[in-house]
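Comments concern the structure below.
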Amino acid sequence: MAAVHSSLHMTRSLHMTSKVLRCRAHCRGTRAPLSSSGFGFGFGGFGGLNGFSYGFSARALFVVGHDGQDHELGGCGLVCSWLSSPSHVPSHVHHHLKRGRALSHHQHALRAMSSLSSLRSTRRFNQSTVRSPGAFQSRRSSSSSSSSSKTLSSLDAHGSSFASPSDFLDQNDEADTESHIPGMASSTSPSASKKLVNYADGMSDEQLKAVLAPDGAVSVKAGPGSGKTRVLAARAAHLVTNEGFMPWQVLCITFTRKAAGELRDRLKTFLGAETASRVHAGTFHSVCARILRREVENRLVLRKTGRTADFVVFDAGDSIGTMRQVLEEQMFFTPKQSLETAPKLISRLGRERSFGEMPIMRRDEVQLYVEAKNRYERALIASNAFDFDQLLSHTSMLLRDDPDALRDYRERWPHILVDEFQDTNSIQYDIVARLAGARSTTAADVGMEGGKKNDVRASSLFVVGDTDQAIYGWRGANVENMRVNLSRDFPAVESLHLSANYRSTPQVVRAASGVLSGQSRGNLQQSRANFSIRAHRPSGLPVHVGSFDDDVTEADAISREAMWLAEHRGVSYSDMAVLYRTNRQARSLEAAMASRGVPHIVVGSTSFFQKKEVKDVLSYLRLASNPHDTSSFARVLNVPPRGLGPKALDEVKKLAAKRGMSAASMVLAFDGAAWEPKGELAEAVGARVAKGIRDFRDIVQSVAESANRGDDASDVVRLAIDRSGFRDWLLPDVGTSKGKKMSKDKLDENMKRWSNLDNLVDVARGVQAAVLDDDDFLREDVSGDADENGGSNTLADFLERIAVFADDSQDADEKDDQAVRLMTLHSAKGLEFDVVFLCGMNEGLLPHAISLNDDDGIRSKEMRVNEERNLAFVGITRAKSMLYLTHHKTSSASRFEGSDALPSRFLDDALRGLKEVGVGDDDTWFLYQ
DNA sequence: AACGAAGGGGTTTTT
DNA sequence: CCCCTTCGTT
Ligand SMILES: Nc1ncnc2c1ncn2[C@@H]1O[C@H](COP(=O)(O)OP(=O)(O)OP(=O)(O)O)[C@@H](O)[C@H]1O
């Protein structure tokens with residue numbers, strides 16, 4: 001162990017590179033024909049995933065207007081004056097405080113959960129490390145006075161004299177009621193209770209000040225666990241409860257769907273389920289998709305983009321597929337050189353998922369790239385599709401170029417609240433800045449034309465964030481939005497700070513601060529606020545550090561510990577999380593947990609909706625909804641196999657191109673349309689293929705009919721599955737008797753797939769319910785033109801929801817209540833857990849090797865490494881009570897990890913301000929505090 | 001056209 | 001070690 005320890009202190013050099021490669025940025029600037037597409041939206045970019053599109057779109061965004069039309073702020077300047085302390089809460093707030101008293105059991109549990117504090121300082125530590133598993137089983141004592149007299153007989157988590165789970169993880173006084181039920185995981189379903197909690201309950205002065213800040217632009221910069229999200233939710237509640245706004249006049253923008261869900265849960269406790277569901281809460285992408293769905297046929301600037309209200313949202317896979325296809329086509333039309341370069345580009349696309357990431361150096365490649373980009377955009381138009389980036393860029397364009405639209409949306413959302421603002425990209429910033437009347441975006445401002453009076457005030461903007469938690473720079477996020485752009489564009493912005501961390505024990509906070517203190521000097525200055533952060537909770541358990549030979553041993557130790565905590569300390573599995581850098585790391589963890597019988601669930605990118613068979617079935621629905629969806633068409637024309645291989649697809653495409661229509665719509669009209677030149681297609685492809693095409697057409701048509709009839713989504717899904725013959729394909733035994741040759745493995749896999757499809761029917765029901773439930777969004781109450789598209793677009797709405805707003809939480813919410821959460825650091829953002837295992841803390845993994853390479857021409861190494869640091873910071877600060885940091889030397893999972901990986905520099909930094917205070921009883925964990 | 005076997009190539013994070 | 005592509009066989 002001594003060796004491990006000393007290795008933690010190896011000196012490391014941060015190669016600070018002042019060289020920021022301008023090459024690519026320059027290329028972008030010069031060759032990007034911003035409006036060359038002829039549709040006025042040339043800044044959309046590819047694939048939606050990269051720095052590229054944001055990179056050069058930013059150029060376009062801020063050249064607008066300098067007439068400096070002022071944005072009136074506030075009007076409520078007095079509000080915060082009566083708020084210097086909670087006792088000065090105005091009477092109507094008091095009223096709610098009183099109402100809030102009558103808490104249900106459930107809410108007690110809720111409050112207990114959300115405020116698990118830390119170990120009482122009266123506890124004494126000693127060095128005994130004897131584990132006494134049985135001792136914990138005793139009934140809990142119900143008052144803080146009795147528990148405060150207990151002593152902790154170990155520095156280790158395994159000490160023996162705890163009386164209850166809550167005593168173990170600790171709690172504050174609020175939690176010290178009768179709410180210490182072992183099943184703590186139920187905290188996120190407040191629906192059981194009808195009693196409301198007052199939003200001001202238990203808030204600090206500075207939090208309340210933020211909640212009640214006057215209209216205008218407000219920016220709350222504060223560290224992790226300081227209550228930013230809580231403040232944001234409380235402000236939304238405040239606006240509705242006390243400021244007279246209708247719930248749908250408040251737009252809350254979060255970063256992930258999960259975050260939106262959590263926000264809504266909090267709102268429910270403040271406002272009740274009914275009112276809370278009327279508040280508009282979504283991600284940037286989901287909000288933009290809603291706007292476009294509504295506006296794309298109504299506003300001239302959007303009509304020019306050639307989509308209809310039935311447009312489909314292309315996900316990453318669709319975008320990649322389209323790009324590939326574009327490049328393949330292009331090989332026939334470009335100089336010979338391209339024949340060599342294009343396959344290279346294509347193969348890179350498979351990995352890197354965007355053109356933006358590719359270092360392009362040669363002139364012919366540049367040519368190819370520009371051409372491909374234009375073709376790609378045309379392909380999206382032909383498919384009646386927007387990709388992820390375009391959802392944002394087109395919304396931005398709408399607000400920039402259509403003053404009426406800008407006015408309408410300002411009117412619709414007098415208040416816009418944005419969480420995790422440090423991770424907004426330039427276009428997202430532009431969207432909210434326009435709505436909020438930013439100085440540099442007011443040129444196209446509202447109401448000045450046609451003699452109309454400008455009677456609509458810009459939306460008030462309220463943003464919260466933490467620049468030290470910026471982890472999406474690789475995707476185009478720009479911390480400068482929070483750091484400087486906001487005060488540049490909103491000179492009267494009120495900047496607020498929250499100084500206490502309510503989430504974590506001082507031990508955890510200290511470790512987190514240590515990580516930041518290791519930053520390079522420039523960044524250090526900027527994040528000063530975060531390592532002087534004050535832990536509100538009393539002292540807790542030491543940070544546990546483990547070092548292991550390989551990832552399997554590491555995973556096993558974590559599993560063992562999780563089980564021990566669950567069985568002997570009463571910690572619910574669902575209150576534990578294992579966080580890691582790469583999805584791949586989930587494998588060994590899953591295996592270890594499975595073999596020990598630790599219930600677990602992998603949260604994240606292997607989403608249910610990403611599964612092949614699920615996407616296949618949904619493609620049928622997509623075609624039914626939007627017959628131009630070439631991506632879906634190519635995907636399922638021959639799935640399940642019906643004799644329509646690559647050749648057939650090719651023929652169909654050729655003929656479609658000749659007729660100037662999309663392949664999908666041609667096939668769907670096969671034999672059916674008056675203009676269809678009889679027999680031309682059949683002749684081109686041959687009789688057998690023609691039959692396959694007719695079959696395919698019939699399937700899609702029956703699905704479309706079902707949808708148009710207004711059948712439930714789950715019925716439409718079931719029909720698609722049945723008609724397309726997935727069952728006979730996956731499980732041939734059932735239908736025909738040709739199942740002899742299928743191997744056992746294959747059969748197992750197919751059965752899994754089939755059960756996924758079975759699930760899809762149920763999941764569809766849930767998704768549709770969610771659409772109906774909280775998506776009256778752009779349907780009612782705006783200019784009185786309710787439901788103008790209503791009905792006909794419901795399948796599109798359903799599919800949009802899945803594309804833009806779906807994760808696997810459908811599963812997670814219900815049946816995995818008692819399971820350890822495994823997820824990447826990125827997906828853990830904004831969440832919190834009693835116990836956090838941050839694993840794989842070695843050089844090469846965290847920071848990831850790819851961030852340690854020399855400058856890649858896009859972002860400097862320093863920037864990338866600092867983002868990795870932020871990632872470690874985010875991970876550590878997810879922990880409420882217990883933090884485990886682990887490292888492994890070798891990994892079977894990757895042949896790129898060396899055989900003796902050093903512990904992460906961030907592990908080093910985290911422990912720098914702590915002292916080693918003991919060793920666990922089995923020599924697995926080393927304790928620091 | 002369909003399916004299985006062999007080979008080659010790759011570091012990551014996600015709305 | 002895993003995924004994807006390509007090649008070869010039925
Ligand atoms: N005044 C308070 N008293 C007690 N607990 C609080 C208070 N404010 C916030 N908390 C709790 O602290 C925890 C962190 O709050 P929240 O998630 O809002 O922080 P955050 O600033 O958004 O964190 P992060 O940036 O890490 O996502 C939550 O459990 C919340 O309930």
Side-chain angles (χ1 to χ4, degrees), chain A residues 47-50 54 253-260 282-289 313-317 319 324 343-344 346-354 357 386-392 420 423-425 427-428 470-477 551 579-585 587-588 603-607 609-610 638-649 686 688-689 692 729 738 741-743 745-746 803-807 823-829 840 844-853 856 864 867-868 870-871 874-875 891-898:
Chain A
L49 311 170
N50 52 70
Y54 306 133
I253 299 180
T254 58
F255 206 69
T256 62
R257 187 208 158 274
K258 207 177 297 151
T283 63
F284 271 105
H285 289 88
S286 72
V287 169
C288 289
V313 177
F314 268 16
D315 64 21
S319 292
R324 284 190 57 134
K344 270 188 243 157
I346 288 174
S347 87
R348 293 190 72 125
L349 276 177
R351 317 191 295 276
E352 296 171 7
R353 300 167 172 227
S354 69
E357 299 292 326
F386 289 115
D387 70 19
F388 279 121
D389 270 2
Q390 290 178 337
L391 292 176
L392 302 177
E420 310 278 15
D423 275 321
T424 52
N425 67 36
I427 301 185
Q428 292 165 337
I471 55 176
Y472 281 97
W474 55 273
R475 204 173 83 172
D551 59 324
L579 309 182
Y580 40 80
R581 176 67 226 275
T582 68
N583 282 303
R584 160 181 275 170
Q585 292 172 262
R587 283 175 191 280
S588 45
V603 182
S605 73
T606 338
S607 152
F609 296 105
Q610 309 273 338
N638 198 32
V639 178
R642 54 176 73 85
L644 305 177
K647 272 263 172 55
L649 179 59
R688 266 184 41 185
V689 171
W729 180 44
K738 60 176 179 182
K741 59 181 176 179
M742 190 175 288
S743 72
D745 280 358
K746 184 89 182 171
V804 165
F805 212 53
D807 63 15
M823 68 184 88
T824 63
L825 289 161
H826 284 90
S827 15
K829 179 157 99 157
L845 207 46
L846 182 67
H848 200 279
I850 204 163
S851 295
L852 298 171
N853 295 337
D856 60 6
R864 286 175 288 141
E867 193 159 298
E868 302 270 342
N870 289 351
L871 219 34
V874 167
S891 168
S892 49
S894 166
R895 76 188 208 328
F896 297 100
E897 286 182 54

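The sequence lines fix the lettering, A, B, ..., with proteins before strands; numbering per chain opens at 1. These values consider heavy atoms only, across backbone and side chains, with no hydrogens, waters or symmetry-generated copies.
- The His848(A) side chain lies nearest to dT12(B) when the options are dC3(B), dT5(C), dT12(B).
- Relative to the side chain of Arg581(A), the nucleotides dT11(B), dC3(C), dT12(B) differ in distance, and dT12(B) lies closest.
- Out of dT12(B), dG4(B), dT14(B), the shortest distance to the side chain of Thr824(A) is found at dT14(B).
- One atom, CD of Glu868(A), and another, C1' of dT12(B), lie 8 Å apart when rounded to the nearest Å.
- Per the geometry, CE belonging to Met823(A) stands 18 Å off C1' belonging to dT12(B), to the nearest Å.
- Residues Thr582(A) and Ala648(A) each lie close to DNA chain B; by heavy-atom proximity, the contact nearer the 5' end of the strand is made by Ala648(A).
- Across all their heavy atoms, Leu871(A) and Arg581(A) have their closest contact at CD2-NE, 3.4 Å.
- Among dC2(C), dT13(B), dT11(B), the nucleotide with an atom closest to any side-chain atom of Arg587(A) is dC2(C).
- Atom CD of Gln610(A) is separated from atom C1' of dT13(B) by 14 Å (rounded to the nearest Å).
- Side chain of Arg475(A), nearest nucleotide from dA2(B), dT14(B), dT12(B): dT14(B).
- When heavy atoms are screened at a 4.0 angstrom cut-off, Arg688(A) is found touching no nucleic acid atom at all.
- Listed nucleotides dT11(B), dT13(B), dG4(B) differ in distance to Asn853(A); the shortest reach to its side chain belongs to dT11(B).
- Look at CG on Leu845(A): it is 12 Å from C1' on dT13(B), rounded to the nearest Å.
- Tyr472(A) comes within contact range of the sugar-phosphate backbone alone, with a heavy-atom separation under 4.0 Å but no base atom that close.
- Side-chain N or O atoms of Gln428(A) include none that pairs as donor or acceptor with a backbone N or O of Phe284(A) at under 3.5 Å.
- The residue among Thr256(A) and Gly645(A) whose nearest nucleotide of DNA chain B lies closer to the 5′ end is Gly645(A).
- With respect to Asp423(A) and Arg475(A), no salt bridge is recorded, no charged nitrogen being found less than 4.0 Å from a carboxylate O.
- Rounded to an integer number of Å, the gap from Arg584(A) CZ to dG10(B) P is 13 Å.
- Between Asp423(A) atom CG and dT13(B) atom P the separation is 16 Å, expressed in whole Å.
- Two rings, from Phe255(A) and Tyr472(A), have their centers less than 6.0 Å apart.
- Comparing dT11(B), dT14(B), dT12(B) by their closest approach to the side chain of Asn583(A) singles out dT14(B).
- A 4.5 Å side-chain heavy-atom check between Ile253(A) and Thr283(A) finds every atom pair outside the cut-off.
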